[in-house]
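Take a look at the structure below.
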Amino acid sequence: MAFVINTAYTLPEIMRTKAPDGSHMAAVDVLSGKYPFIEEAYWERANGDTTHEFVQMVSEPTGSLVRYNEGTALSVATTKNVTEFMARLEDRMQIDVRILEKAPDPVKYRMEREAAHARGLIKTFHNIMFSKNSMGSRGADLKDIDGLGVRYGKIVPDTVVSNGGTGAGVLGSIWIIKHGPDAFFNIYPKSMQKILKQTDLGIQPAYDASGNRFEVVMTKFEWEFGMGIADPRSVKRLCNIAASGNNSFWQDGTNAAKGEENLIDLIESLPNGDLSNTAIYCGPKMMAQFRKRMNSKGNLYFTTE
């Protein structure tokens, strides 16, 4: 079949954008959401097309106390080489030229659908950055990269702290990320000028299941990216936050400020106590707990900032 509902735009789908007066109705994307991470991240051009190699500081010189007429011990700053891989994310959109001609405004219709594809890729990017289930694990798929969920998947003092919640499906995390060349940064290939590339391929031939040719308007989307962590202390995670009740961020029965206190401890353990270019990330359920905690007036110093 030439048209499969989840891979090609059909005539009924295109005609849905036609208003009673014959004009074009803009589609409303109720699933788009807001994903600020991609805008706040520091993007660095890699020194390779598929990998990026950089030097990570392991330990700093400490010096030694001496008296006059005593020698000074040697000391060095130790480093290690880190090689980060990049993932390539692609998508193609095609619309039968004959169907597109039926749209009330073909240009607007195509632009809307291209924007929807770009938003979809941005969501996938965020899933890779934070998830460790369906994606974000190079160990599970060599085409992938290790996201933060894999890299910070174990409890580590002052880095990954548990809020004490248990039970699958009812837990959430709050991430603290410091962006910058000396902290957390995203990378893109040295040969690319854009992070997300969108190419109009014009009119291309397509073939149905019987091998019969027809023409489509095609757009291709390409995105290659990876991540680098110059200082592992620049990423913090408060995990195992229950959705409600004990061990939640909002109504813990033992300590109402439990989540806040854990969060404060993690913030203060950032490198050098510097909060510049630092942001807190969480999902809608965690954000709701943030706001409920503020609304309770239990801590007047707790703000959205």
Side-chain angles (χ1 to χ4, degrees), residues 4-8 31-33 35-54 56 80-94 114 116-156 159-160 168-175 177 179 183-192 194-199 201 218-230 232 234-237 239-240 281-284 286:
V4 180
I5 193 67
N6 62 344
T7 58
L31 301 175
S32 61
Y35 295 86
F37 183 87
I38 187 175
E39 299 174 0
E40 295 167 349
Y42 177 86
W43 288 89
E44 184 170 308
R45 177 171 290 177
N47 47 36
D49 282 328
T50 58
T51 61
H52 178 61
E53 187 171 343
F54 62 99
Q56 188 181 84
K80 68 176 182 180
N81 283 10
V82 177
T83 300
E84 293 286 356
F85 293 89
M86 280 177 274
R88 182 177 178 86
L89 190 62
E90 288 189 4
D91 196 12
R92 284 187 301 118
M93 181 192 81
Q94 67 178 37
E114 287 174 341
H117 277 250
R119 287 195 299 270
L121 265 63
I122 291 174
K123 288 183 181 181
T124 301
F125 166 82
H126 281 80
N127 287 337
I128 292 173
M129 288 292 111
F130 292 101
S131 175
K132 65 172 184 178
N133 297 322
S134 59
M135 53 187 63
S137 174
R138 184 170 170 80
D141 187 348
L142 290 178
K143 297 191 296 293
D144 210 337
I145 62 171
D146 284 336
L148 294 174
V150 169
R151 299 173 192 238
Y152 293 83
K154 297 181 179 179
I155 303 299
V156 178
T159 300
V160 181
V170 296
L171 305 179
S173 292
I174 295 175
W175 295 84
I177 299 179
H179 298 282
F184 172 91
F185 57 91
N186 283 110
I187 53 178
Y188 63 97
K190 69 175 184 179
S191 59
M192 294 187 68
K194 296 180 179 180
I195 298 174
L196 176 57
K197 184 180 179 182
Q198 179 176 315
T199 307
L201 298 180
M218 184 177 292
T219 306
K220 185 175 182 180
F221 305 86
E222 305 166 78
W223 193 0
E224 292 188 52
F225 58 85
M227 70 167 71
I229 304 176
S234 62
V235 178
K236 309 290 183 182
R237 182 184 186 185
C239 61
N240 297 336
Y281 300 96
C282 62
M286 290 300 104

What heavy-atom pair brings [X] and [Y] nearest, and what distance separates the two atoms?
X: Y152; Y: P232; value: OH-O, 3.0 Å
X: W43; Y: I38; value: NE1-O, 3.2 Å
X: D49; Y: S191; value: OD1-OG, 2.9 Å
X: A87; Y: I145; value: N-CG2, 3.6 Å
X: I187; Y: M227; value: CG1-N, 3.8 Å
X: V150; Y: G136; value: CG2-O, 3.1 Å

Rounded to the nearest 0.5 Å, what separates atom [atom1] in [X] from atom [atom2] in [Y]?
X: L201; Y: M93; atom1: CG; atom2: CE; result: 10.0 Å
X: L148; Y: F37; atom1: CG; atom2: CZ; result: 6.0 Å
X: I177; Y: R237; atom1: CD1; atom2: CZ; result: 11.0 Å
X: N240; Y: S173; atom1: CG; atom2: OG; result: 7.0 Å

Sequence-distant partners of E224, salt bridge (Lys or Arg N to Asp or Glu O under 4.0 Å), two or more places apart: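 Expected list: R88.
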
Residues which pass side chain to side chain donor-acceptor pair (under 3.5 Å) with [X], listed by chain and number, not counting sequence neighbours:
X: T51; answer: none
X: R138; answer: none
X: K220; answer: none
X: T219; answer: R110, E114

Please identify each residue that fulfils ring pair (Phe, Tyr, Trp, His ring centres under 6.0 Å) with [X], with sequence neighbours left out.
X: H117; result: F221
X: F54; result: H52, F185
X: W175; result: F130

Is there any salt bridge (charged side-chain N to carboxylate O under 4.0 Å, His left out) pair reaching into residues 140-151, and which pairs are they, with sequence neighbours excluded?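 Output for this query lists E84-R151, D141-K143.
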
If you apply the rule side-chain contact (heavy atoms from CB on, under 4.5 Å), what do you find for V82 with K80, and how did you get there? CA-CA 6 Å; V82 177; K80 68 176 182 180; 4.2 Å; yes

Under a 3.5 Å distance rule, please check whether N47 uses its side chain to pair with a backbone N or O of E53 as donor and acceptor.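 Judged by distance alone, yes, a pair lies under 3.5 Å.
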
Side chain to side chain contact (heavy atoms under 4.5 Å, CB included) with [X]: which residues, sequence neighbours excluded?
X: R45; value: Y188, K190, Q193
X: L89; value: L121, T124, W223, F225
X: E40; value: P36, H179, A279, Y281

Side-chain heavy-atom pair N186, M86 within 4.5 angstrom cut-off: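 No, every pair of side-chain atoms sits at 4.5 Å or beyond.
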
